[in-house]
Each structure stands twice: as C-alpha cells, then as structure tokens.
K.L.:
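Have a look at this one.
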Amino acid sequence: MKLVHTKTELDQLVAEAKSAGQRVGFVPTMGALHEGHLRLVDIAREQADFVVVSIFVNPLQFGEGEDFDKYPRTLEADCEALEGRQCDVVFAPSATEVYPPDGKPGKPTERAGIIGSTFEGSARPGHFDGMLTVVARLLNLVDPDVAVFGQKDAQQVFMVRKLMDAKFPQVELVVAPTIREASGLAMSSRNRYLTPAQRETATVISKALRAVDFAAKHGLPASFCIEAGHTLFAGEPEAKLEYLAVVDPQLFKPVNDKFKGEALAIVAARVGGVRLIDNQIIEIREQDA
Ligand code: AMP
C-alpha cells in the first residue's frame, strides 16, 4: 500500500494500474476510519483490481460553527487500518491539491438543488454543495471505474447519484450497506465523542427506525409509522430529535399516507453535542386484514 499526497504521484500509480488493464475502485472518506469505512474498501476490492482510498476533510462541506477544526484527523491510524485491508493507494491530498492554486475552495462549483436544502441540507446550509464539489474534484483526480459510497449517508448518495449520472456516467456507483455496532448504533467517525452513557442513549436512533419499520410491515400509513418512532424518542429526553421522516427513495420527498412500497426512513438527532444521522429502507405494506 502506498500513501501519496499529490495529484502527480496519484496519476502515476493510477496510470500504471490502468495500463496493466486493472479496474480502479475508489472510496472517498474524511478519515477517522472505522469498520464501516473499511467494509467500503472490501466492497471496492470485490468490484475492482486496484483500490484508492482518499482521506480529505473537506472545508467546503462544513458550515460556520460546525466541527471542521475539531474533526478527528488520524492519518497514521487510518493507514494502519487500511494496511489490514486490500487497499493499494491512500490519497491524502492537501487543500492545495484539491482546490488549486492556493487551497482556498472559493465558491462551490456543484449545486445540490432543492433537495439539497431539505433534511441534512436544512440543518447544514451549503453542506451538499460543498460535498458535491469535492466529490466531483476527487472523481476527476482519481478517475476511477467504480466509486463506493455508504448508505449511511442516504441523502448524500441521492445527490451523488444525480451528479454521477449527469457528469460521470463512465463511473459505476456502488452503495454499501450501513455497518452498525452490536447495539444497533450506526458507526460514525463522530461516535468517538460520545461517552459510554451517551452511546447507550444514541441507540434510540436505530430503535426508532426499527419501530418505523415494524409499523410499516404491519401496513400502517407513513404518518403512523413516524409516530411509532417518535414514541421512542419521547422516552429518551437526552436525545434531541431533529427530524424523523419517511421519504420516497426516488425523490427524497416525504411520502403521504397512501404510499405503499419501498420507502426510506431517515432520522437526525443530537446526543450531547454530537449530531448523528441514520436511515433504514422500509417496506410500507398493505394494511393487515
Ligand atoms: P465520511 O468519512 O464520514 O465522509 O464517510 C466516508 C464514506 O463512508 C461515506 O460514503 C459514508 O457514507 C461511508 N460510511 C460512513 N459510516 C458508515 C457506516 N457506518 N457504514 C457504511 N458506510 C459508512
């Protein structure tokens, strides 16, 4: 495994792989890697012969007052973890490589549109424009055949799919399932900020999603399913619910009570100072007889 910091070094390695006929897989991350990220690497390896993982904390997707400065930066430990998987190149660029010539991102070059200002986008204005801008930059830098993203960030996947369909049709998008702790808590780089008690509290997030799923399986309309999830949060005052919704996965818009079929339950909540998101694919069935 090689660690490179510049486009020039990356280009050379990717060009060598391609000229040897290898299919290039790409996993973009912000580092502070956990098992969820590492499973993305495993999936990339299944899909490709040569795997590039990028580690870049993108200033453009953090809003004012968000945790850009204190976002965990653990390159050495990340490289060690990646050594244990089949990663070929870790690309850890400086801001100057990603945003030439001076590392200042300036204005986003990609726009997330209307859905980009709902849910996560409403809580984090400009986040998706910044995320899409760096994804486009990284896809241009790495030039992969396949890119792997996690379902954990469902709204991100929705936006990235649109970006890739429009601007990177040659790159295959693979979406990897969410990896969870045994408690059900979705793995996240931000979980390290939770105390053991807060980790326990945070399990309400996945429990609420399971309650939504249970109600949906029994044919309850979407608003009742959401209510079932709210009930769990009502019993856990230390977790501050930001939103719990059921959206149509094709549109990322809330479904109405007539909706049947596959939907996506999405949730964001704060535990202590930590903002956590999660989601679950659900099936809203016909009402039980
Ligand atoms: P991040 O470093 O948080 O930007 O995440 C990098 C990639 O890892 C994104 O595609 C995330 O959706 C994905 N990811 C983060 N957490 C998980 C998880 N628990 N399970 C699967 N994928 C994840």
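Computed from a predicted structure; not experimentally measured. In this chain, numbering begins with 1 at the start of the sequence shown.
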K.L.:
Find out whether L13 and K2 are in side-chain contact, i.e. whether some heavy atom of one side chain is under 4.5 Å from a heavy atom of the other.
P.N.:
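Yes, their side chains come closer than 4.5 Å.
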K.L.:
Assigning hydrophobic clusters by single linkage (Ile, Leu, Val, Met, Phe, Trp, Tyr; side-chain heavy-atom cutoff under 4.5 Å), is F128 placed with V135?
P.N.:
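Yes; tracing contacts between hydrophobic side chains, which count when under 4.5 Å, links both residues.
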K.L.:
Hey, quick one: are M159 and V134 part of the same hydrophobic cluster, counting side-chain heavy atoms closer than 4.5 Å, chains of contacts allowed?
P.N.:
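Yes: a chain of side-chain contacts under 4.5 Å links M159 to V134.
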K.L.:
Determine, step by step, whether S189 and M30 satisfy the side-chain contact (heavy atoms from CB on, under 4.5 Å) criterion, reporting the C-alpha distance in whole Å, the side-chain angles of both residues, the deciding distance to 0.1 Å, and the verdict.
P.N.:
CA-CA 9 Å; S189 303; M30 298 203 300; over 6 Å; no
K.L.:
So, E35 and R85, do they make that salt bridge, N to O below 4.0 Å?
P.N.:
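Judged by the 4.0 Å cut-off on N to carboxylate O distance, E35 and R85 do form a salt bridge.
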K.L.:
I'd like to know whether T29 forms a side-chain contact (heavy atoms from CB on, under 4.5 Å) with V53, so could you lay out the CA-CA distance, the side-chain angles of the two residues, the decisive distance to 0.1 Å, and finally the verdict.
P.N.:
CA-CA 7 Å; T29 81; V53 175; 4.1 Å; yes
K.L.:
Once you round to the nearest 0.5 Å, how far does CZ of R270 lie from CD1 of I205?
P.N.:
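Here the rounded value is 11.5 Å.
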K.L.:
Can we say D88 and R45 salt-bridge, meaning some charged N sits less than 4.0 Å from an Asp/Glu carboxylate O?
P.N.:
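Answer for the salt bridge query: yes.
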K.L.:
According to the interplanar angle, ranging from 0 to 90°, do the rings of F62 and Y71 count as parallel (below 30°), tilted (30 to 60°) or perpendicular (above 60°)?
P.N.:
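Rings of F62 and Y71: perpendicular, as their planes differ by over 60°.
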K.L.:
Tell me whether L3 is reachable from F50 by hopping between hydrophobic residues (I, L, V, M, F, W, Y) whose side-chain heavy atoms are closer than 4.5 Å.
P.N.:
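Result: no, two separate clusters.
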K.L.:
Could you go through S223 and D257, starting from their C-alpha distance and side-chain angles, then the distance that decides it, and tell me whether this counts as side-chain hydrogen bond (donor to acceptor under 3.5 Å, both in side chains)?
P.N.:
CA-CA 6 Å; S223 61; D257 277 351; 2.7 Å; yes
K.L.:
When hydrophobic residues are tied together by side-chain contacts of less than 4.5 Å, even through go-betweens, does L40 share a cluster with V160?
P.N.:
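Per the 4.5 Å side-chain linkage, L40 and V160 are not co-clustered.
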K.L.:
Describe, in one word, how the ring planes of Y99 and F56 are oriented to each other, choosing from parallel (under 30°), tilted (30 to 60°) and perpendicular (over 60°).
P.N.:
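Taking F56 first and then Y99, their aromatic rings sit tilted (interplane angle of 30° to 60°).
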K.L.:
Would T6 and E9 count as having a side-chain donor-acceptor pair, cut-off 3.5 Å?
P.N.:
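The criterion, which ignores hydrogens and geometry beyond distance, is satisfied for E9 and T6.
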